[in-house]
Colleague: 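This is the structure I have questions about; it appears just below.
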Amino acid sequence: MKIKRHNLAIRFTHWMPALSIFVLIFTGFGQMPVYKRYFVDQLPGLGWSSNFLITLNIHYAAAMVLIFISAFYLTYLLRSKRFDIIPRRGDFKESVQIFASMVGLTEEPDNDKYLAEQRLAFAVTASSVLALIVTGLVKAYKNLPGVSFSPEAVFWLAQVHNLFTVILLLSIIVHLLAFLIKANRPLVPSIFTGQIDTEYVMHRHRKWWERINARAGLNLEDQAAQKEAEAIAFDEDGMESNAASIG
Amino acid sequence: MGITRRSFITRAAVAGITAASIITGAGKAAASVSARGNFALLHDLDKCDGCPHLDTPACVAACRIKNKPNFPEPQQPIKYYWPQKNFEDWSGKRDVTTRLTPYNWTYVQHLEFEHKGQKVKVHIPRKCMHCDNPPCSTLCPFGVNDKTPEGAVIIDPKGCFGGAKCRDVCPWHIPQRQAGVGLYLKVAPDYAGGGVMYKCDMCHDLITQGEQPACVSACPRGAIQFGNKEGLRQYARQWADENNGYVYGDAENGGTANFYISKVPFEAINEAIQAQDLDGKPGKIGMPVNIENPLDEPGKMMSGFLMAPVAGVLAAAVSTYQIMKGGTDDED
């Protein structure tokens with residue numbers, strides 16, 4: 001039995017930023033003279049990587065993709081009012097509790113659709129992306145012919161942009177390291193297919209499970225009704241049906 | 001010493017800029033945001049004879065004397081730019097005057113070629129062009145390369161890491177690197193950085209005191225002029241009109257503060273440079289005509305930055321409408 005965790009719009013707003021951020025970090029790093037020195041441009045297909053103007057143009061193009069997705073996601077959040085990923089009061093404490101439960105110090109709390117630590121990680125990642133977009137746009141404006149800022153402004157703009165790059169990079173590393181933890185692994189397929197095991201949701205995402213059932217207007221005690229709820233939750237339709245509306 | 005008319009104008013202009021930045025109260029920041037340079041150099045190739053009577057042309061010699069205190073004193077032994085097995089060290093070749101090096105910020109190209117059936121000799125004093133929109137400054141990863149309100153493009157030797165990106169993105173590849181000096185030695189000298197980049201700074205210290213750059217004062221034939229940029233540009237254009245001549249440096253790279261005037265077209269001069277001066281190594285520079293600013297291309301992409309968020313909002317409006325209408329793709 002499966003439950004639909006991420007619709008296509010959400011998977012799209014996960015993978016497009018993932019791709020564009022990868023390109024942005026690679027080309028952004030390439031704004032320093034490192035790829036020639038370290039023979040990266042000798043690797044097959046990467047001859048362009050030491051050309052600062054090519055990497056700058058790619059950086060701009062990938063930035064546009066990221067800005068497009070960010071605007072898309074922000075609008076999606078506000079219109080759908082699905083704030084499951086937005087941090088809540090007490091998330092920090094709850095995250096500590098989740099970590100403590102991993103080493104057997106305490107019980108894991110009842111989780112909602114996202115774990116408290118996922119909500120916090122989202123806040124860090126999203127605000128880094130926002131800061132990078134803002135400072136990046138100012139930097140691109142500064143690069144226009146006829147525009148120049150004071151040396152101090154140029155210096156600090158670069159420092160802030162670089163600082164948030166490091167924060168974003170760390171948050172991505174932490175995000176990937178989270179899947180070393182066995183309990184998190186059933187979450188992985190859902191970002192590809194959108195589906196997650198019902199079994200897993202019932203155990204680890206108790207609050208979410210209750211919400212799904214409450215929405216279906218059913219009593220958890222009633223075994224027959226529960227089966228029915230699972231049947232409703234089970235997604236049998238094609239997922240690609242509204243792909244055209246997003247792209 | 002009497003004040004010549006030109007030095008009076010220069011001083012008056014500098015005083016004006018200083019006063020303006022004090023009055024606005026914004027000082028350096030405000031001045032550098034709007035001003036794209038008030039001064040320029042003009043090289044009259046009709047007048048320059050390359051100082052045949054001297055071992056080193058007077059402008060080159062004067063530049064070397066004036067900038068001697070600014071030349072690098074590298075720490076030995078100099079390390080390789082790991083994993084590369086090389087480094088750029090000119091400290092043992094300080095007396096080279098026939099190319100740009102960290103110890104030689106201007107040189108004269110002596111060319112002899114045939115033009116319209118006549119043998120011509122052209123001598124060209126070369127140095128930083130001090131571009132209006134300098135890619136070296138804009139793209140410096142450390143933000144330590146600045147276009148000053150006076151028009152000079154200056155590299156801060158204390159902040160420079162010596163990655164030589166400025167040389168790569170400069171259409172003329174002018175800044176030159178000396179290893180074994182600068183900030184990189186204090187960070188991770190084995191793995192990052194390569195020294196400090198050096199080039200002509202238009203004698204910024206002199207011009208802010210109302211004086212002329214050393215090369216200008218030293219020229220025995222008055223072939224190098226220094227002054228108000230707009231005035232020199234007009235002079236160059238008028239001279240070209242009257243003499244069927246050519247101007248270099250006004251259109252190139254989107255405009256520079258270094259003009260050359262000549263009766264021989266610069267296409268022919270550049271051809272001669274390619275054949276007679278260049279040796280494929282840094283420090284010998286060409287003179288390509290109408291060269292475009294490498295930052296023009298990225299600049300054209302700006303409308304994309306304006307359109308991206310609008311497109312994102314619209315796409316989300318469509319998508320959320322379909323999902324909330326009860327589309328088959330909705331989440332549980």
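Remember, it's a predicted structure, so these values are computed and weren't measured experimentally. Every chain is numbered from 1, with letters handed out A, B, ... down the list of sequences.
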Colleague: Looking at chain A, which one of B/Gly159, B/Ala317, B/Gly255, B/Gly312 has the largest number of heavy-atom pairs inside 4.5 Å, strictly under?
Modeller: B/Gly312
Colleague: What part of B/Asn293 gets within 4.5 angstrom of chain A, counting heavy atoms only: side chain, backbone, both, or neither?
Modeller: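 Neither; nothing under 4.5 Å.
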Colleague: Any idea which heavy atoms bring B/Met301 and A/Met64 closest together, and the distance?
Modeller: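 Result for this residue pair: O-CE, 3.0 Å.
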Colleague: By a 4.5 Å heavy-atom criterion (distance strictly below it), what part of B/Phe161 contacts chain A: side chain, backbone, both, or neither?
Modeller: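 Contact with chain A involves no heavy atom of B/Phe161 at all.
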Colleague: Would you call B/Trp82 and A/Tyr38 a side-chain contact if the rule is heavy atoms closer than 4.5 Å?
Modeller: yes
Colleague: Go through the atoms of B/Val313 and report whether side chain, backbone, both or neither lie under 4.5 Å from a heavy atom of chain A.
Modeller: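 When you check distances to chain A, atoms from both the backbone and side chain of B/Val313 fall under 4.5 Å.
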Colleague: Among A/Ala158, A/Ala140, A/Ser50, A/Ser70, single out the residue with the greatest number of heavy-atom pairs under 4.5 Å to chain B.
Modeller: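 So the answer, after comparing A/Ala158, A/Ala140, A/Ser50, A/Ser70, is A/Ala140.
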Colleague: As an exercise, state the distance from CE of B/Met307 to CD1 of A/Ile67, rounded to the nearest 0.5 Å.
Modeller: 12.5 Å
Colleague: Which atoms form the tightest heavy-atom contact between B/Ala316 and A/Tyr76, and what is the distance?
Modeller: CB-N, 3.9 Å
Colleague: Any donor-acceptor pair under 3.5 Å linking the side chain of A/Lys142 with the backbone of B/Thr138?
Modeller: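 A pair under 3.5 Å: yes.
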Colleague: Begin from the C-alpha positions of A/Asn143 and B/Leu139 and carry the test side-chain contact (heavy atoms from CB on, under 4.5 Å) through to its verdict.
Modeller: CA-CA 8 Å; A/Asn143 288 353; B/Leu139 296 178; 4.2 Å; yes
Colleague: Check whether B/Asn133 reaches the backbone of A/Gly146 with its side chain - one donor and one acceptor, N or O, closer than 3.5 Å.
Modeller: yes
Colleague: Look at the side chain of B/Glu297 and the backbone N and O of A/Ile54, then say whether any donor-acceptor pair between them is shorter than 3.5 Å.
Modeller: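 Checked: no pair found.
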Colleague: Starting at OG of B/Ser319, measure out to OH of A/Tyr73 and round the result to the nearest 0.5 Å.
Modeller: 12.5 Å
Colleague: Does atom CH2 of A/Trp156 have more than 12 heavy-atom neighbours, drawn from other residues, nucleotides or ligands, at distances under 6.0 Å?
Modeller: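 Not more than 12 within 6.0 Å, no.
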Colleague: Where does A/Ile10 contact chain B at under 4.5 Å (heavy atoms): side chain, backbone, both or neither?
Modeller: side chain
Colleague: Identify the two heavy atoms, one from A/Ala9 and one from B/Ile323, that lie closest to each other, and give their separation to 0.1 Å.
Modeller: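 Heavy atoms only, the tightest pair is CB-CD1, 4.1 Å.
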Colleague: If every non-hydrogen atom of B/Pro309 is compared with every non-hydrogen atom of A/Ala71, which pair is closest and at what distance?
Modeller: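 Closest approach of B/Pro309 to A/Ala71: O-CB, 3.3 Å.
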Colleague: Has A/Arg37 got a side-chain atom pairing as donor or acceptor with B/Gly193's backbone, closer than 3.5 angstrom?
Modeller: yes
Colleague: Relative to chain A, which of B/Gly299, B/Ala164, B/Cys140, B/Ala192 shows the most heavy atom pairs under 4.5 Å?
Modeller: B/Ala192
Colleague: Can you give me the closest heavy-atom contact between A/Leu53 and B/Pro294, atom names plus distance?
Modeller: CD1-CB, 3.2 Å
Colleague: Would you compute the distance between atom NZ of A/Lys36 and atom OH of B/Tyr81 and round it to the nearest 0.5 angstrom?
Modeller: 12.5 Å
Colleague: Please test B/Asp146 against A/Val154 for side-chain contact (heavy atoms from CB on, under 4.5 Å), starting from the C-alpha separation and ending with a verdict.
Modeller: CA-CA 10 Å; B/Asp146 298 309; A/Val154 171; 5.5 Å; no
Colleague: Flag the pair A/Tyr60 / B/Phe305 as yes when their ring centroid distance falls below 6.0 Å, and as no otherwise.
Modeller: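 That pair passes the under 6.0 Å test.
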Colleague: Taking B/Lys165 for the side chain and A/Gln31 for the main chain, is one N or O donor matched with an acceptor at less than 3.5 Å?
Modeller: yes
Colleague: Between B/Asp296 and A/Pro145, which heavy-atom pair has the shortest distance, and what is it?
Modeller: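 For B/Asp296 and A/Pro145, the tightest heavy-atom pair comes out as OD1-CG, 3.9 Å.
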